Amino acid sequence: MVAGCEEFEVDEMIDTNNNVGDPTKKKRKKKKKKKKGSALFQLAEIQEPSEQPPHRGLLPTAFTDAHVKYGQTNPPTIPVSEVFRGREFPKGEIQPHALESQSYRETSAECRARELMSEDLYKKLREGAEIHRQVRNFAQSITKPGIQLADMCTQLENKNRELTQERGLERGIAFPTGCSLNHVAAHYTPNCGDNTVLSFDDVMKVDFGVQIDGRIIDSAWTVAFNPRYDPLLEAVRDATDTGLRTSGIDVRICDVSAAIQEAMESYEVELDGTTYPVKPIRGLNGHSMGHYQIHAAKSVPLVKGACEESIRMEEGEVYAIETFGSTGRGYVVEDMECSHYLKTFDCPHIPLRMQSSKRLLAHINKTFGTLGFCRRWLERDDGGSFTVHGNNGKQEKYMGALKNLCDVGIINPCPPLCDIKGSYTAQYEHTVIMRPTCKEVVSRGDDY
C-alpha cells in the first residue's frame, strides 16, 4: 500500500517515449494538500490581564480579561480547545484530602496508577472548567446596572456555545443560566417577554454550566454593586471554601455540612440599621454529579443533621459544593413562573397519547437528553442547538405538550426557589474531583 503520494517529489521523469531523465525538462512537484483539522484560529499576543470587574463579590485578583495570558482574544472568541491546541488544559486548585488517615494517598504508587487510568475524564473536566472561567470572565465584564437579564443570559450562553464549539449532546451548555435576584435563591432565568433589569441594589446569583461529553462543570458566584452586601457575600464564599476544604475521600458528608453551617453562621450583615444573622438555606444542597446527570445520588446539605451519618464521599466522585446564605428565614419555597426543566434520569417508557407531546419529547431527547433546558431555548430558531437543528428547531405552541410531559413524570419542572420577600440571598459554588491522590477544585479561578 502506498501512502502519502501527494507529498512525494519525483526526481526522474518518464516521458511518453520512455525517455528517462531529460535534463532540459523541469522537475514537477505536486502541491501538498492541506491536512484536515489544521488550526483555523490565530492566537492573539500574550498579555498581562488588566481589566477589573465592574461589580463586587469577587476576589481582588479577579480580572475580566484573565484569558489574555493564554493568547485568547478579548472578549474571548477563539474556542478553548484551539487556544490550548498541543497544550494541556490548566489544572484546578489541588488540596489534600481532609482526613489524616488518607494522607498516604499523596505518595502511593497504586493511587497514582489509578489516576492515570482516569486521565481522559480529568482532561474533559479541565477543558470544561477553562471554558467556564473564560465565559464567566466575559459575563463579569458585561454585568452592570441597567442590563436586561434576558440579554445578559443570551450573551453568556452564546459565548458558552462559541468557546465550547457546541455540538449538541457531545459538548455545549449543561443547564440554563441562573440569574436569581435578591430573595430568589435559585432556578430563575428569564422566559421570553421577561424584561427584568439589573439594578444597583440587587444581589444576583449567576449559575451556569459547561459539559464536555456529558462531564459537567457546575460553578456559580454572586454579583452585587452596593458594598453593604459585602458581609453576606463573604459569609457564603467562606462557607463554600470551608465545604471544599473539609471534603475528601471517606469524609462523612454530615461533617462537611456541619462545617459549612458553622462557617456561615459566624457572619452577620447590617441593612438599614438592622443586623441580620446570615443563615444557611435548608433544602438547598451541594450534590454529586454523574455522566449527563447534574444531580446524582448524593447530596451535601448546608446544615448539620440533614443526612445520614453513614454516607461518605468516595474515590472518583465529582461534587458540586455549593452554599446559599440568606438574611431571611433560611428556607425556600417554590414560587413564580417556571423556566427550568429537566428530563427524569433513567425515565422508564411512558405511553403518550398526544402527538404534540411525542414531538416535543423527541426534540428534547435529541437536543438536551437528560441535561437541563429552559423555555427560552425551545423558542430559539435552532431550538437549543444549531448543530442539531440548524435554524429549523423552533418549537411552536408547545406549552400544552410540556405540561403533559410534566404531569406524567417524564419532565421535572424546577420553579424558582424563594425565601421571604425583602430578604437577600447569595451563592458560591465549585466543582471538585475526588482524585485518588488528592482533591482538585477544577473550577477554581482567580476570581472566586
Side-chain angles (χ1 to χ4, degrees), residues 80-81 84 88-99 101-136 164 171 174-175 207-221 240-253 255-257 259-260 285-300 311-323 371 428-448:
V80 169
S81 61
F84 288 91
E88 291 187 353
F89 296 106
K91 293 182 179 179
E93 180 188 31
I94 303 299
Q95 297 183 7
H97 292 294
L99 294 181
S101 63
Q102 304 298 315
S103 60
Y104 75 92
R105 293 175 171 274
E106 298 177 27
T107 56
S108 168
E110 182 181 345
C111 290
R112 287 198 297 269
R114 290 203 298 272
E115 279 195 346
L116 289 175
M117 296 173 63
S118 299
E119 195 59 38
D120 185 59
L121 167 64
Y122 304 154
K123 179 181 177 181
K124 292 173 183 176
L125 287 168
R126 288 168 187 156
E127 180 182 1
E130 182 57 32
I131 293 169
H132 196 285
R133 281 187 286 269
Q134 295 195 19
V135 172
R136 74 192 191 219
T164 311
R171 53 195 298 130
F175 53 84
D207 188 355
F208 73 94
V210 178
Q211 67 90 10
I212 305 294
D213 191 27
R215 301 301 177 179
I216 299 170
I217 294 295
D218 187 1
S219 187
W221 75 101
T240 298
D241 288 341
T242 299
L244 292 165
R245 187 172 60 253
T246 56
S247 63
I249 293 174
D250 211 34
V251 170
R252 298 190 308 171
I253 290 180
D255 293 335
V256 178
S257 301
I260 289 172
N285 308 316
H287 47 91
S288 61
M289 295 186 289
H291 194 217
Y292 290 104
Q293 187 177 19
I294 185 65
H295 289 270
K298 296 180 182 178
S299 295
V300 185
I311 302 175
R312 297 175 183 266
M313 294 180 168
E314 299 177 52
E315 180 181 310
E317 292 179 326
V318 180
Y319 283 88
I321 300 295
E322 60 180 324
T323 68
L371 298 172
Y428 285 89
E429 178 180 19
H430 276 300
T431 297
V432 58
I433 313 170
M434 297 297 156
R435 287 170 45 185
T437 63
C438 61
K439 58 179 185 273
E440 181 178 345
V441 187
V442 68
S443 61
R444 180 75 82 185
D446 294 332
D447 48 356
Y448 64 90

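In this text, all values refer to a predicted model and were calculated from it rather than measured experimentally. Counting from 1, the numbers follow the sequence of the chain as shown. Any value given below was found using the heavy atoms of this structure, including those in side chains, with hydrogens, waters and symmetry copies removed.
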Taking Lys439 for the side chain and Ser247 for the main chain, is one N or O donor matched with an acceptor at less than 3.5 Å?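 Checked: pair present.
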Do the side chain of Thr242 and the main chain of Ala259 share a donor and acceptor less than 3.5 angstrom apart?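 It does not hold such a pair.
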Work out which heavy atom in [X] is nearest to a heavy atom in [Y]; give both atom names and the distance.
X	Y	result
Thr240	Tyr428	OG1-O, 2.9 Å
Ala296	Gly290	CB-N, 3.8 Å
Pro90	Glu130	CG-OE1, 3.6 Å
Glu106	Pro96	OE2-CB, 3.6 Å

Only counting residues at least two apart or in another chain, list the ones meeting ring pair (Phe, Tyr, Trp, His ring centres under 6.0 Å) with [X].
X	result
Tyr319	none
His97	none
Tyr122	none

Got a second to check how far [X]'s [atom1] is from [Y]'s [atom2], nearest 0.5 Å?
X	Y	atom1	atom2	result
Leu244	Ile260	CG	CD1	8.0 Å
Gln102	Asp250	CD	CG	5.0 Å
Arg171	Ile212	CZ	CD1	4.0 Å
Glu115	Leu121	CD	CG	11.0 Å
Thr323	Asn285	OG1	CG	11.5 Å
Thr246	Gln95	OG1	CD	9.5 Å

List in chain and number order the residues that pass salt bridge (Lys or Arg N to Asp or Glu O under 4.0 Å) with [X], two or more places apart in sequence or in another chain; answer none if no residue qualifies.
X	result
Glu315	Arg105, Arg114
Glu440	Arg126, Arg435
Glu322	none

For Glu119, does the CD atom sit with more than 12 other heavy atoms under 6.0 Å from it, leaving out its own atoms?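 Yes, because the 6.0 Å sphere around CD of Glu119 holds more than 12 heavy atoms from other groups.
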Looking at residues at least two apart in the chain, or sitting in another chain, which of them share a side-chain contact (heavy atoms from CB on, under 4.5 Å) with [X]?
X	value
Ser108	Tyr104, Glu110, Cys111
Ala129	Arg133, Ile217, Val442
Arg252	Cys254, Asp255, Glu309, Arg312
Ser219	His132, Arg136, His430, Ser443, Tyr448

[X] vs [Y] side-chain heavy atoms within contact, under 4.5 Å:
X	Y	value
Ile294	Met289	yes
Val318	Thr431	yes
Trp221	Asp447	no
Thr164	Val135	no
Tyr292	Leu371	yes

Sequence neighbours excluded - salt bridge (charged side-chain N to carboxylate O under 4.0 Å, His left out) pairs with any residue from residues 89-99: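 Listed by first then second residue: Glu93-Arg444.
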Could you list the residues that satisfy side chain to side chain donor-acceptor pair (under 3.5 Å) with Asp213, not counting sequence neighbours?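 Per chain and number, Asp213 pairs via side chain to side chain donor-acceptor pair (under 3.5 Å) with Lys124.
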